[in-house]
Amino acid sequence: MLSASWGDPQNPLEPANTNEVQGGKVLDMIFRGLKRYDPETGAAEDMLAESIETSDSQNFTIKIKDGWTFSNGEKVTARSFVDAWNYGAGLKNNQRNAYFFGYIEGYDKVHPESGEQTADKLSGLKVVDDLTFTVKLTQKFSTFPDTLGYNAYAPLPRAFFEDHDAWIAKPIGNGPYLVDSYTKGSQISLRRWEEYPGDDKARNGGVDLKVYTDNNTAYTDLLAGNLDLVDDVPASQLKNVKNDLGDRYLNTPAGILQTLAFPYYDKAWDKPGMEKVRTGLSRAINRKQITETIFHKTRTPATDWTSPVLGKDGGFQDGLCGDACTYDPEEAKKLVKEGGGLPGGRVTITFNADTGSHKDWVEAVCNSINNALDNERACTASPIGTFADFRSRITQRKMSGPFRAGWQMDYPLIQNFLQPLYYTNASSNDGKWSNEKFDDLVDRANRESDPAKAIELFQQAEEVVRDTMAAIPLWYQNGSAGWSERLSGVKLNPFSVPVYNEIKVS
């Protein structure tokens, strides 16, 4: 048994309703899907999928392995996937990740853009037999199989539908851990599922994930022997962490990008000329200085809108942002002025104060902007107490200026760094940015069956993001973790999440 720090998830732990890191950690422990992303490389590998076949990149036949069950003993069948996906896509179920089912035929009926849904089932999903189902998409999507390790595509047991409230209180999945108890705002206790049929069984008896509203407290508890694992070492402790923990500290590159997003539903940010103001703000931020002084090189200044973990072949383009991400106070002043000035004469950057040491860097970004623009009131920082409250305000469109936006990849494809964030009405397009040229390039890229050509089109779409400065890229983030002397085998996957099932407790 080990204890680890955690943040309260925004939503109930339904696979199609979780699109943030804290909830995702739990889903990774209690669910296994058709694919799983290799904890070392991030590559999509078959998990419950026996095979996924297609001759045209639009119609797929999926066979699942026999012998898998949920932790309540129910067999995992083709229907477990089809029912879960239909639920996830349904408008009336209000799932944050419904959008991930958008390419399946019939989505426009179960999740229309306006009005009520006229169907409960996606016409593109068909159960063939106990272990086989087919998927028909509305267009070619060559990398569709690689997306199927994302939690939104997890299978669900009948209990989810038959007694939903009970399932929410104590989720039942098919992964190496089962939920023993869950008290929202306090702790979730996960225990090793002894009958787990996969080959990635838990090497420990269980994990207690404890909610912390301040990662400094978590770090102090780790040093005091009251906590075994933190996976979010506070920025203020980075200068001490080597002395404190020695080789019980890990700092590895992850598929995470931090940005400043804008509320395009606020006319002040969406009028002509504002792209110059946004670019001016980007040029007023001294990324190099902030990453060195506050993050002690656990962050790297961003030069594009993806992540170096994709590699060149995967679409990462070092330097794509060019001058627009280069600190230049004179250019910053000029651009802000040419664009018509800051709305209301100033900007307020909103962030959550409970995790991620955001206060330090947001204040540093504001100082940098104020210095560059020669105006000590140009930028102020506005903290919101908890991550859940912060996310609620974002989803209710209550932002009036730039806000902290972090993106942790769902799967290691360039498509995932662009489409969910910037495509019109996409699931994580929190600022409601919309651009027809961008949307068209993404559609074309998804239809492309040659991966290299698809990546080229995605890169062209990324240039549209750059030319309008849809969001300001700040830095690529490393994952960090510190642990107690009781633990061994601690590592972070490319998503910066601890590989809990591989941790050993002495």
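Atom-to-atom distance recorded for Trp68:CH2 and Met47:CE is 4.0 Å, nearest 0.5 angstrom. Distance check, rounded to the nearest 0.5 Å: CE of Met469 to CD of Glu275 gives 10.5 Å. The structure places NZ of Lys201 at 9.5 Å from CZ of Arg192, a figure rounded to the nearest 0.5 Å. The CD1 atom of Ile168 sits 8.0 Å away from atom CG of Asn17, with the distance rounded to the nearest 0.5 Å. Here the CZ-CZ distance, from Arg278 to Phe262, works out to 6.5 Å after rounding to the nearest 0.5 Å. Between the CD atom in Gln117 and the OH atom in Tyr107 there is a gap of 10.5 Å [rounded to 0.5 Å].
For Lys121, the NZ atom sits in a loose shell: 12 or fewer heavy atoms of surrounding residues, nucleotides or ligands are nearer than 6.0 Å. For Gln396, the CD atom counts as densely surrounded, since its 6.0 Å shell holds more than 12 non-hydrogen atoms of other residues, nucleotides or ligands. Crowding of Lys65 atom NZ: a count of heavy atoms from other residues, nucleotides or ligands under 6.0 Å exceeding 12. Under a cut-off of 6.0 angstrom, the local environment of CG in Asp313 is sparse, with at most 12 non-hydrogen atoms contributed by other residues, nucleotides or ligands. More than 12 non-hydrogen atoms from other residues, nucleotides or ligands lie less than 6.0 angstrom from CD of Glu162. Counting heavy-atom neighbours within 6.0 Å of Asp440 CG, excluding the residue itself, gives a total above 12.
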Check: Does the pair Asp232 and Tyr212 meet the rule for a side chain to side chain donor-acceptor pair (under 3.5 Å), with working shown?
Finding: CA-CA 11 Å; Asp232 178 19; Tyr212 283 86; over 6 Å; no
Next item on the list: Begin from the C-alpha positions of Lys432 and Asp270 and carry the test salt bridge (charged side-chain N to carboxylate O under 4.0 Å, His left out) through to its verdict.
Entry: CA-CA 10 Å; Lys432 301 299 169 193; Asp270 200 28; over 6 Å; no
Check: Checking salt bridge (charged side-chain N to carboxylate O under 4.0 Å, His left out) for the pair Asp66/Lys75: CA distance, chi angles, key distance, verdict?
Finding: CA-CA 9 Å; Asp66 202 359; Lys75 190 176 176 184; 3.3 Å; yes
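Centroid-to-centroid, the aromatic rings of Phe144 and Phe60 come within less than 6.0 Å. Taking the six-membered ring for Trp, Phe438 and Trp433 have ring centres closer than 6.0 Å.
Without hydrogens or angle criteria, Thr303 side chain to Cys321 main chain gives no donor-acceptor distance under 3.5 Å. Judged by distance alone, with hydrogens and angles left aside, the side-chain atoms of Asp228 form a donor-acceptor pair with the main-chain N or O of Ser3 at under 3.5 Å. In this structure, Ser480 contributes its side chain and Val233 its backbone to a donor-acceptor pair below 3.5 Å. Here the side chain of Gln408 pairs a donor or acceptor atom with the backbone of Phe495 at under 3.5 angstrom. For Thr259 (side chain) and Ala405 (main-chain N/O), a donor-acceptor pair under 3.5 Å exists by modelled atom type. With hydrogens and angles ignored, the 3.5 Å screen pairs no side-chain donor or acceptor of Arg96 with any backbone N or O of Asn19. No donor-acceptor distance shorter than 3.5 angstrom exists from the side chain of Thr61 to the backbone of Thr134, with no hydrogens or angles considered. Distance alone, capped at 3.5 Å, is enough to place a donor-acceptor pair between the Tyr153 side chain and the Phe100 backbone. Listed for the Thr395 side chain is a donor-acceptor partner under 3.5 Å among the backbone atoms of Ser392. A donor-acceptor contact shorter than 3.5 Å links the side chain of Asn204 to the backbone of Tyr500.
With sequence neighbours excluded, no residue forms a salt bridge (Lys or Arg N to Asp or Glu O under 4.0 Å) with Asp28. Residues forming a ring-ring contact (aromatic ring centres under 6.0 Å, His included) with Tyr177 (at least two apart in sequence, or on another chain): none. Partners of Ala84 by side chain to side chain contact (heavy atoms under 4.5 Å, CB included), not counting sequence neighbours, listed by chain and number: Leu156. Under the ring-ring contact (aromatic ring centres under 6.0 Å, His included) criterion, Tyr476 pairs with Phe316, sequence neighbours left out. Applying the side-chain hydrogen bond (donor to acceptor under 3.5 Å, both in side chains) test to Asp129 and every residue at least two apart in sequence or in another chain returns Thr132. Under the salt bridge (Lys or Arg N to Asp or Glu O under 4.0 Å) criterion, Lys184 pairs with Asp8, not counting sequence neighbours. Residues satisfying the ring-ring contact (aromatic ring centres under 6.0 Å, His included) test with Trp167, not counting sequence neighbours, are Phe160. Legend: residues meeting salt bridge (Lys or Arg N to Asp or Glu O under 4.0 Å) with Glu195, ordered by chain and number and at least two apart, are absent. Looking at residues two or more places apart in sequence or on another chain, you find a salt bridge (Lys or Arg N to Asp or Glu O under 4.0 Å) between Asp200 and Arg32, Arg36. Qualifying side-chain hydrogen bond (donor to acceptor under 3.5 Å, both in side chains) partners for Lys491, counting only residues two or more places apart in sequence or in other chains: Glu40, Glu502. In this structure, Tyr99 has no ring-ring contact (aromatic ring centres under 6.0 Å, His included) partners at least two apart in sequence or on a different chain.
Using a 4.5 Å cut-off on side-chain heavy atoms (C-beta onward), Tyr264 and Asn429 make no contact. By the 4.5 Å heavy-atom criterion applied to side chains, Glu105 and Gln58 are not counted as neighbours. For the pair Ser307/Leu257, no side-chain contact is recorded, criterion being any heavy-atom separation below 4.5 Å from C-beta on. Residues Met409 and Pro494 are in side-chain contact: their nearest non-hydrogen atoms beyond the backbone lie under 4.5 Å apart. Residues Lys35 and Asp46 are in side-chain contact: their nearest non-hydrogen atoms beyond the backbone lie under 4.5 Å apart. Side-chain contact check for Asn86 versus Val110: every heavy-atom pair is 4.5 Å or farther apart. In this structure, Phe101 and His111 have side chains that are not in contact, with every pair of non-hydrogen atoms separated by 4.5 Å or more. Proximity of Asn352 to Arg404: side-chain heavy atoms (C-beta onward) are separated by under 4.5 Å at one or more points.
Under the 3.5 Å distance criterion, with hydrogens and angles disregarded, a donor-acceptor pair is assigned to the side chains of Glu14 and His164. Asp354 and Thr386 form no side-chain donor-acceptor contact under 3.5 Å, judged by distance and modelled atom types alone. If you check the side chains of Asn416 and Tyr150, you find no donor sitting under 3.5 Å from an acceptor. Side-chain N/O atoms of Thr424 and Ser434 include a donor and acceptor closer than 3.5 Å. Donor-acceptor pairing under 3.5 Å is recorded for the side chains of Ser189 and Asp208. Using a 3.5 Å distance cut-off with no hydrogens or angles, the side chains of Arg287 and Ser282 do pair a donor with an acceptor.
Classified by interplanar angle (parallel below 30°, tilted 30° to 60°, perpendicular above 60°), the ring pair Trp361/His358 is perpendicular. In this structure, Tyr411 and Tyr37 have tilted ring planes: the angle between them lies in the 30° to 60° band.
Sorted by first then second residue, the side chain to side chain donor-acceptor pair (under 3.5 Å) pairs that include residues 460-471, not counting sequence neighbours, number zero.
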